[in-house]
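Numbering of residues begins at 1 and proceeds along the displayed sequence.
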Amino acid sequence: MASVNGQGDGGTWPAGLDEAIRATAADIAATLRGASDTGGPVPGSRWTVGEAAAHLAQANELMAHLADGKERGYGDGTPQGLAEANQRALAAFAERRAAPLAAMIVEQAEAFLESAARPASNTSNASPTSYASHGELVTPMGPMSLDILGSYLLTHMLGHGYDLARALGRPHMLNRTRVELTLPFLITAMPRVLDTTAAAGLTARYAIRLRGGACFGATFTDGAVTVTPSPPSRPDCTILTEPAAFLLMALGRLGPWSAVARGRVLTWGRKPWLAPRFPALFSPP
């Protein structure tokens, strides 16, 4: 199980994260290479398969540049700002063919890992595999350490990789190990994507558990949220979720009622009716 302790302190590179990034990129590339036409729609999106793949290739390049210490402005961190930045970037990048985009996705994921493993310029005594030596980085979702950025890259690939798999009728690449490795980023990002209007007046303690694996806590106090690597001692509502369903709900790909109806979510506690409200408290970009 991937540890979620030490998130954001610049001192933890989760075991298996580099393998997960590399394997996810390879799975997405294999999905794309089987596509004879990239002009078809992506379910639930305004993008075509080619546009979604181009965005993913560009995003992997952006992450690789950030890991290499290059400053890249990209939106303002809000859902609207990121969406506008995505559209501008796509308009300036004409490639929509499956094979070149598949190759770019893999190459840029590898470039990210190479940059992440390289010692930061101001840490001459760092080990070549000292992933956490780069300090705080400026990203489209705010400042974060390199380990959190790696989790961000994986999260982004899994979300859009799932979209591409659905569009092309191929198996998705989500599994428990990979989903657990997204938790460092998700725990960091949740306060930043909180919908303060939806959370207004809410006072509640949630325990979120992934079936067979990790857990964390979220405490709401009148429109603000604190997310912790461990659940609160006396949660009002405990949510046990199948890992893939958890990530899909977190990324806005699956509604809570649909997940409950399929038996992918169980809830209990003093206020179990709070469970379906939890995903709606956030606005993923």
Side-chain angles (χ1 to χ4, degrees), residues 1-30 56 59-60 63-64 66-69 105-120 123 125-137 139 141-162 171-190 207-218 227-231 240-248 250-251:
M1 182 184 78
S3 171
V4 297
N5 293 322
Q7 293 153 8
D9 61 3
T12 303
W13 183 267
L17 179 56
D18 45 356
E19 292 89 346
I21 289 171
R22 189 172 286 118
T24 298
D27 286 347
I28 293 170
L56 194 47
N60 281 16
M63 300 287 194
L66 295 177
D68 201 32
I105 288 167
V106 171
E107 289 166 3
Q108 294 303 322
E110 194 62 40
F112 173 88
L113 292 172
E114 291 174 2
S115 293
R118 189 179 306 130
T123 53
N125 295 324
S127 162
T129 56
S130 180
Y131 292 100
S133 65
H134 294 231
E136 196 169 68
L137 303 169
T139 82
M141 290 290 290
M144 59 185 68
S145 57
L146 184 62
D147 53 318
I148 305 299
L149 182 62
S151 180
Y152 183 7
L153 170 62
L154 178 62
T155 304
H156 191 264
M157 284 201 296
L158 288 173
H160 288 291
Y162 173 83
H172 67 71
M173 58 288 303
L174 279 65
N175 60 37
R176 181 173 65 85
T177 298
R178 293 178 186 179
V179 170
E180 286 190 353
L181 288 165
T182 70
L183 289 180
F185 167 68
L186 292 175
I187 287 177
T188 298
M190 279 181 176
I208 312 298
R209 298 183 177 275
L210 273 60
R211 187 170 292 154
C215 56
F216 65 94
V227 187
T228 56
S230 300
L240 176 66
T241 310
E242 189 271 325
F246 163 78
L247 183 60
L248 294 176
L251 297 179

Supply the atom-to-atom distance [X] [atom1] to [Y] [atom2], rounded to the nearest 0.5 angstrom.
X: Gln108; Y: Ser115; atom1: CD; atom2: OG; result: 9.0 Å
X: Ile208; Y: Cys215; atom1: CD1; atom2: SG; result: 10.0 Å
X: Leu158; Y: Leu251; atom1: CG; atom2: CG; result: 8.5 Å
X: Arg209; Y: Thr241; atom1: CZ; atom2: OG1; result: 11.5 Å
X: Glu110; Y: Ile105; atom1: CD; atom2: CD1; result: 14.5 Å
X: Glu19; Y: Leu154; atom1: CD; atom2: CG; result: 11.5 Å

Practice task
Mark yes or no for whether Ser151, through its side chain, and Thr182, through its backbone, hold a donor-acceptor pair below 3.5 Å.
Solution key: yes

Practice task
Using atom types as modelled and distance alone, determine if a side-chain donor or acceptor of Glu180 lies under 3.5 Å from a backbone N or O of Ala214.
Solution key: yes

Closest contact, heavy atoms only, [X] versus [Y]:
X: Ala20; Y: Arg178; value: CB-CG, 4.2 Å
X: Leu146; Y: Ala67; value: CD1-CB, 4.0 Å
X: Arg176; Y: Arg211; value: CD-O, 3.6 Å
X: Trp13; Y: Ala116; value: CH2-CB, 4.1 Å
X: Ile21; Y: Ala109; value: CG2-CB, 4.1 Å

Side-chain contact test, heavy atoms from C-beta onward, threshold under 4.5 Å: evaluate it for [X] versus [Y] and give yes or no.
X: Val227; Y: Leu186; answer: no
X: Asp27; Y: His172; answer: no
X: Asp147; Y: Pro14; answer: yes
X: Met157; Y: Asn60; answer: yes
X: Leu153; Y: Phe185; answer: no
X: Tyr152; Y: Thr188; answer: no

Practice task
Specify whether Phe216 and Phe246 have parallel, tilted or perpendicular ring planes, treating 30° as the upper limit for parallel and 60° as the lower limit for perpendicular.
Solution key: perpendicular

Practice task
Would you please test Ile148 and Thr139 for side chain to side chain contact (heavy atoms under 4.5 Å, CB included) and show each step?
Solution key: CA-CA 10 Å; Ile148 305 299; Thr139 82; over 6 Å; no

Handout entry: Thr177 and Asn175 side chains, donor-acceptor separation under 3.5 Å
Key = no

